[in-house]
Amino acid sequence: MITIETTEKQEKSSASAPIVNDFSIVVGTKNGSGSQTSNLTIIRALFKMGIPVSGKNVFPSNIQGLPTWYTIRVNHEGYTARREAKEIVIAMNPDSFGADLAEVDPGGLFIYPDHLRYHIDRDDIQILAFPAKDLVRDAEVPSGLRDYVMNMAYVGVLAERIGLDLDAVHAALDFHFGGKQKPVDLNYKVIRMSAEWAAEQDLEPAPFRVEPLDLTEGYILSDGNTAAALGAVYGGVQLVTWYPITPASSLGEALDAYLPKLRVDPETGKNTFAVIQAEDELAAIGMAVGGGWAGLRAMTSTSGPGISLMTEYAGLAYYSETPIVVWDVQRMGPSTGLPTRTSQGDISQVFFLGHGDTQNILLLPGSLQECFEFGWRAFDLAETLQMPVYVLSDLDLGMNTWMTRPFEYPDEAMRRGKVLWEEDLEKLTERWGRYKDVDGDGIPYRTIPGNKHPAAAWFGRGTGHDEYARYTEAPDDWDRNMNRLLRKYETARGLTPEPEIDRVEGAGIGIVAFGSTGPAVDEARDRLEKSGTPTSYMRLRSLPFNTMEREFILSHERIYVIEMNHTGQMHQIMTVEFPDLAWKLVSLTHNNGLPLTARWIVESIEGKEGE
Amino acid sequence: MITIETTEKQEKSSASAPIVNDFSIVVGTKNGSGSQTSNLTIIRALFKMGIPVSGKNVFPSNIQGLPTWYTIRVNHEGYTARREAKEIVIAMNPDSFGADLAEVDPGGLFIYPDHLRYHIDRDDIQILAFPAKDLVRDAEVPSGLRDYVMNMAYVGVLAERIGLDLDAVHAALDFHFGGKQKPVDLNYKVIRMSAEWAAEQDLEPAPFRVEPLDLTEGYILSDGNTAAALGAVYGGVQLVTWYPITPASSLGEALDAYLPKLRVDPETGKNTFAVIQAEDELAAIGMAVGGGWAGLRAMTSTSGPGISLMTEYAGLAYYSETPIVVWDVQRMGPSTGLPTRTSQGDISQVFFLGHGDTQNILLLPGSLQECFEFGWRAFDLAETLQMPVYVLSDLDLGMNTWMTRPFEYPDEAMRRGKVLWEEDLEKLTERWGRYKDVDGDGIPYRTIPGNKHPAAAWFGRGTGHDEYARYTEAPDDWDRNMNRLLRKYETARGLTPEPEIDRVEGAGIGIVAFGSTGPAVDEARDRLEKSGTPTSYMRLRSLPFNTMEREFILSHERIYVIEMNHTGQMHQIMTVEFPDLAWKLVSLTHNNGLPLTARWIVESIEGKEGE
Amino acid sequence: MTAENGTERKPGANAAGLTKNDYRGAPSTLCAGCGHNSISNQIIQAAYELDIVPEDVLKFSGIGCSSKSPAYFLNRSFGFNSLHGRMPSLATGAAFGDKHLKPVAVSGDGDTASIGMGQFKHVIRRNLDMLYIIENNGVYGLTKGQFSATAEEGLQLKYHGENPYEAIDICVEALAANATFVARSFAGDAKQVRELIKAGMTHKGLAVLDIISPCVTFNNADDAHHSYGYGKENETPIHDLTFIPFREEIRIDDHEEGEYREVELHDGSVILLKKLERDYDPTDRMAALQVLEQAAVDKVMITGLIYFETGRKSLTEIYNLTDTPLNRLTEKELRPSRESLAEVNTMMF
Amino acid sequence: MTAENGTERKPGANAAGLTKNDYRGAPSTLCAGCGHNSISNQIIQAAYELDIVPEDVLKFSGIGCSSKSPAYFLNRSFGFNSLHGRMPSLATGAAFGDKHLKPVAVSGDGDTASIGMGQFKHVIRRNLDMLYIIENNGVYGLTKGQFSATAEEGLQLKYHGENPYEAIDICVEALAANATFVARSFAGDAKQVRELIKAGMTHKGLAVLDIISPCVTFNNADDAHHSYGYGKENETPIHDLTFIPFREEIRIDDHEEGEYREVELHDGSVILLKKLERDYDPTDRMAALQVLEQAAVDKVMITGLIYFETGRKSLTEIYNLTDTPLNRLTEKELRPSRESLAEVNTMMF
Ligand SMILES: Cc1ncc(C[n+]2csc(CCOP(=O)(O)OP(=O)(O)O)c2C)c(N)n1
Ligand SMILES: Cc1ncc(C[n+]2csc(CCOP(=O)(O)OP(=O)(O)O)c2C)c(N)n1
Ligand code: SF4
Ligand code: SF4
Ligand SMILES: [Mg+2]
Ligand SMILES: [Mg+2]
């Protein structure tokens, strides 16, 4: 337990040598006050210095005025998960000032603008009030921009205190403003002057410092929604139909931004895609189903409330065997819940989405690279299997800033599935039937509107149909078709991404996790290892399961299934899929809107192990 | 196996003594041709003769012209489940004539109107062509009514053949036409003349006959949707909001018919209820949630597609803790599926209905009496628990004709749950909070709009809220509230209807079933018993489970979970709820739109046991 | 007679070389006498007369008796019988598959005006290039006779008492949403139905065609506003209407000055409107609103081309798509180059 | 000053004995300057001036910045912040709980005209007795500035390029659906907003009040049709409007023949309309459609009481409910007798 405590809380007297490259900075501001640029600048500057960094925004569901906290974690070992500890707190928001002050770790550093005149009652931390208004005025910022640019002042002060390289800061600004000289200069001036002011104050050394490293070489900074959108662009997405909803909006918006850059026919200037903002999610998925049926790579992106509204069409897509891709960037439910907080709470719902018997395919990206990869692969799967494919991301993965290896170009040709065009039909010797299982894998052949062969047309429907897509109510027809769908689902097992398994010799414990909790699990496992509890790890990447999952469970004594929801949804699904091994599975859940921490995982597992 | 065969297929040479009170009659007609009255008349006449009878309509999803089969089972032991065997077939539909003929059991009786001139190629059955057109003409039926009344001719012929009492037939008509002399006389005349015609034909005795019994005394004939509607009426339903959908429409329509008769204030002539046909299911449930929030006993009824559309509001009801009752009269899915065929395919979906973490309460009526009982009890549960309560019926239970004991008046006073009115608030010493867990059972106290106390008002929402219903995003508030909801769900376990258990000494096998499959299970168990395989039986009546279910599983070697869907949904839920006992549970599913037969159950269990 | 490509035409074949048979569908399963069946027949006839190749048409519908009907015409056209009230979205997405195809949709009054009001409005707003037929019988046929949102106030139905709500007028709704083509007809008026179908199929943009189509089983009492009896008694065409495809010459035999009005479609086709009581200008929105408002007050069933507008971009036009149908594009066109991704990556910080 | 019951009034108290404070809500979390905030203030002011007891009001909303605002007024009223686009159904159901309460709903243009179009239409059709305010800013505020269905064609927004679709006009839609009260206002015109809120709260039936309410954060460029700048420049009231509750005497000081028009509400209250450019008769549906149509062509923001009709039954009136609120009925009234069930049972076969 000692390991954990010291890593989580670094009790420092300010006299000792500073801690280098291993701490968290929290900036407390008001939503809509323009601090996002400042925070991104800090992250990018750190990144530019070669120091592993991650940023998480804990923001409210409003546009302006409510408290927002932005956490930047600096860690030379590359850990990027959320931590509870707050070594440096910058308090810009009068409304949360008291709470922000109280939360600084002992031995930490507290920075605030001196126009916030609150009583400071702590003597176990370094305190620094800076003259924000003066600095902005002195930098000759036009009065309309002052409030906004004031956020740059804390960047400067922080830079001086922890040793942030001002050139790196400049590069960050340059990137942010797309090289536009005026805003770069204006903001940089405030930062520089603030740093100078701090340097002039004869302060005791700060307890935390950064030093350049070379650990970000070969990485980029991005977010999961951008990665997903780019993946879809390279997956050849043709129809994007979406309705705004936090935290999925930026996925649709990124598509709207990138497609015109990357997918216009260079010769004619015409579009190979369309992005439609629908009137709601019922329509968004309806359009996607129409597009998928008409042979397009069609997708929609949404979050929980939208998924709920999509239920009926999801069932139609499943039963009519129409390929579509649905991104669910999960937020906290039930109901409207906490629109700006993260969760993994839609697993069961999406797995069973649709009335009557449905079983769906879920992809579970665990990193930005996987967001990109599943962005294109989802189409290959949907078209191969002629099914809806759901990709379950979440707010943390989708909207926060993560280091990642560059996105990798698809290493396979597109798989468009079993499609018959005019010449294919011409060559057929047998009569084609839309729902015939010719190959025994449950996957039929389809034709696509626009096919001019006189035998190509068929009439799609969500009602009972026979192998030739004709309406039928005959019990045997129904049964036969449903059994084929079950067969197709078995085929899917061999095609969806396999779990990533790290099997550790001698580990009795296996951890199962997925999605955005990966970084916390990685960090937790290192700590558990250090404290003498080695663990194996299976990071799930899709549902349904195939054979590897069973083997993993079999080869460990106890399996901890870690997830961010209340009811242990993945644990439930594993129980259903492996009823004979259910007794081995232990559910560990935590779900309060904040990303998981390594600490919670370590303590939960040690707690259970100690039972 | 011999037992089964003889019960299923009664191979009779026409020479031997007739089989009495144990056979099935199938009438093949066209939808919309008006045969429903004839079939009901046969059933009612049989019932009047004291013979246990049941009727199942297998009809198409159109209004006129497609084949429809009505099956009437006569059974002196009181079995009412569907059978595959067809001893008597009456073929009125030229389109299905050939198939209908082929399906008569050897030794059976085939009756058809002689204007259908098809080749008859079977000599192992009795064949009887009757002059339908002549009979109708001779009875001087006005020409506009002839097609319709022609169906009465087969009633008459059948009556003569099997010994149906004409007085009983007359009573049935009298009931059907509400005593209106003219139609009664007209129809009866055709029946009588047809019976007379048959009597004059010097036919060999029919292989099947009915004899009066006294086994229907104390029973009535009804259907599950009527029972459910009446239950709701006696449960004090105040707001019914519905949208037409087969097979749920007749539930809403029955409410619309009975409420004005039973729930108008006698003094003022004013209504204590309102029935609204909504514009769709999104609106239907929205209205119900509004009503529930405003203190009304509010309900909606629908089927799978409607449930899908209700998902988002279902989540709001769950999370805002608003009592509503939702009837899902299940039909075959996925998607639009087979709108006129039965299924138990919505179990998983409804159990998890809503994005984010939801767990719902399901009532599972298994008889008409339970439809009635759950009709009122659902409100008591919803208001006690402040939750949506889902009642899952199905087409077979809801729309078919069943014998039942008379509906029983509720044996408990209404339970309206924890509601505070003006005087209650006045008396409180502590500050009231809408979402405070005062009693430790997870159930808070609520106030209702119209309460004039100045501290009564609160603002309902689907977003995060604290104990005083104020908006909050604080992680701890969220967690605390969700944990209370889980606590409330645990409270629910003690309140929902317990399973009905028939524990048989020495039985190693336990059968688990629910809903409309009950009669088939009863019959199957008798047969299994006779063939030396005694079974215990647990008929589930609600979800979530309590303690009895576990005990039942524990005390048997193997548990067969029988259900009408493809994926074994109840089996999955039991696996999740009892992971440590999952290895005992065997899933038996069958789902082709037709109700289960005892034969399928027996063969499935014997098959598995033989493995 | 020779077909366009110069080969000999089959007997009874049109300019596309196809006979009536090539436009048929499966046998109808609707009730004998249902208004919807006569509309299906007019769709077949119109497509045949327009020399349309069935493979160039897409069929869409929601759920209802009316929505079943696309199975009963144009068997050689692709189609989709979608969800109740949500057809427009599916049709919208599908239209992007191949912009050269012409979508024809059939819906019911329940499907469009009750559950489907939202999607109806929004597909109009987007001006999807589609003929949207509402087979309007004031009732839910397929679920056995409940009131729909177009049922008139006071209508009595067998099992549902009296309708307490005012009716929704589908043409008024279409106009409010800025539809570029709004027409009403009556299933009992076969010729007008056919001509309006032709016009609507030719119109570039969303054409709303509200056809009063009696449900003989559940709502056909003579005084019910959607019955045959009522239609025969009260139908009041605002003009006599003939569609003339752009290749044909306009020949008005006994042409009198001012007796006709011509409306030209985007492709040069013309709708010829013979004046009746008065001169009605279907390109005047205010006049359109007025004639509908007045008809509602007077309780007459006005029929004809109520509003028409040309020049607004249709949905797929707005999207500036490649000439090759999107659904014929291959990996080559759909996956940007490896280099471009490298560039994107370097553009990240 | 004494309150109605004769007791001494608090300073600043109205006839209900309540001060302004009794009508307030929680502090707003909307952006400073947001149009929605000024509307909330006018709701508070109107309720206070109407002497309404807050417990007699129900508040409803969907989801959006606008829909958050019911938390910021009338803290002592029950309310429900429901789902995006689906508020009307919840309000409809809730209204049956106690028919003596007055529902006031706040929605946004996205909430009503995009996702909510269907329920909007149908709640109008049912004529629920409710004031339905749309805080219309042409944009999705809460999700950060996407186009809503009321955004004008050609509008440019920071991250979303140019809007290619025609705008939906909420007042035209309300009229098409036969709303009994249709009005438009501008959040910058506090007095008119307030008077229309009073009139709408008093009207017996569904009152649609479409208020152009600028989103200062995402759609406030001077040439954007929902901005303050545009409103200040283009607002064109069709009359000057004052609501006079039925107890007050109408006193027109410098009364000139024909200068005023009076519209009487069901309870004897009066809306006094001072003529401006021309005499506008808000009880004439055709005139209403015309004025809206013309405004759209001329691109002016007309405001005022566009249409008003009295005499149609409101929803709960149609349902002939007991005088005791349904939600105060007990088992005695709600569970029919044991004997009646016996009778029902014998009526089965
Ligand atoms: C979501 C959903 N709700 C309800 C139904 C049941 N349903 C089928 S058709 C129909 C009404 C059809 O009415 P309309 O569109 O007027 O068509 P008509 O049968 O009158 O031609 C309804 C309510 C359904 N299929 N799906
Ligand atoms: C079903 C669903 N889809 C999407 C959202 C996300 N969402 C929240 S508010 C909003 C739009 C609000 O726009 P509007 O009604 O115009 O209100 P405003 O914020 O502009 O006042 C959206 C799309 C949601 N909450 N629920
Ligand atoms: S029920 Fe009515 S709408 Fe349906 S097919 Fe029959 S006549 Fe037509
Ligand atoms: S974002 Fe716009 S609509 Fe929302 S509160 Fe701010 S100004 Fe108002
Ligand atoms: Mg209809
Ligand atoms: Mg808005």
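All values derive from a computational prediction rather than experimental measurement. Within every chain, numbering begins at 1; the chains are lettered A, B, ... in the order of the sequence lines, protein sequences first and strands thereafter.
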Below 4.5 Å from any heavy atom of chain B, which atoms of A/F578 appear? Answer side chain, backbone, both or neither.
neither

Between A/H590 and chain B, which part of the residue has a heavy atom less than 4.5 Å away: side chain, backbone, both or neither?
side chain

Check whether A/S343 gets within reach of chain B through its side chain, its backbone, both or neither, counting any heavy atom under 4.5 Å.
neither

Side-chain donor or acceptor of B/R484 paired with backbone N/O of B/G442 under 3.5 Å
yes

Segment of A/L338 engaging chain B (4.5 angstrom heavy-atom cut-off)
both

Determine, for A/E577 against A/R550, whether the closest basic-nitrogen to carboxylate-oxygen distance falls under 4.0 angstrom.
no

Side chain / backbone / both / neither for B/Q572 at chain A, heavy atoms under 4.5 Å
both

Salt-bridge present (B/R331, B/D394; N to O < 4.0 Å):
no

What part of A/L282 gets closer than 4.5 Å to chain B, counting heavy atoms only: side chain, backbone, both or neither?
side chain

How long is the span from the CD atom in A/Q330 to the CG atom in A/L392, to the nearest 0.5 Å?
4.5 Å

So, the side chain of A/T597 versus the backbone of A/W600: is there a donor-acceptor pair under 3.5 Å, distance only?
yes

Report which part of A/Y471 has an atom under 4.5 Å of a heavy atom belonging to chain B: side chain, backbone, both, or neither.
side chain

Chain B contact via A/Q569 - side chain, backbone, both or neither, heavy atoms under 4.5 Å:
side chain

Among the listed options A/D346, A/T567, A/D477, the residue most often paired with chain B at heavy-atom distances under 4.5 Å
A/T567

What option among A/S303, A/G464, A/A317 has the most heavy-atom pairs under 4.5 Å with chain B?
A/G464

Is A/S61 in contact with chain B via its backbone, its side chain, both, or neither, using a 4.5 Å heavy-atom distance?
both

Compare all side-chain heavy atoms of B/S335 with those of A/Y318 and state whether any distance is below 4.5 angstrom.
no

Heavy-atom cut-off 4.5 Å, strictly under: side chain, backbone, both or neither for B/L485 against chain A?
neither

Given a strict heavy-atom distance threshold of 4.5 Å, which part of A/I307 is in contact with chain B: side chain, backbone, both, or neither?
neither

Run the salt-bridge test on A/R487 and A/E490 with the 4.0 Å N-O cut-off and return the result as yes or no.
no

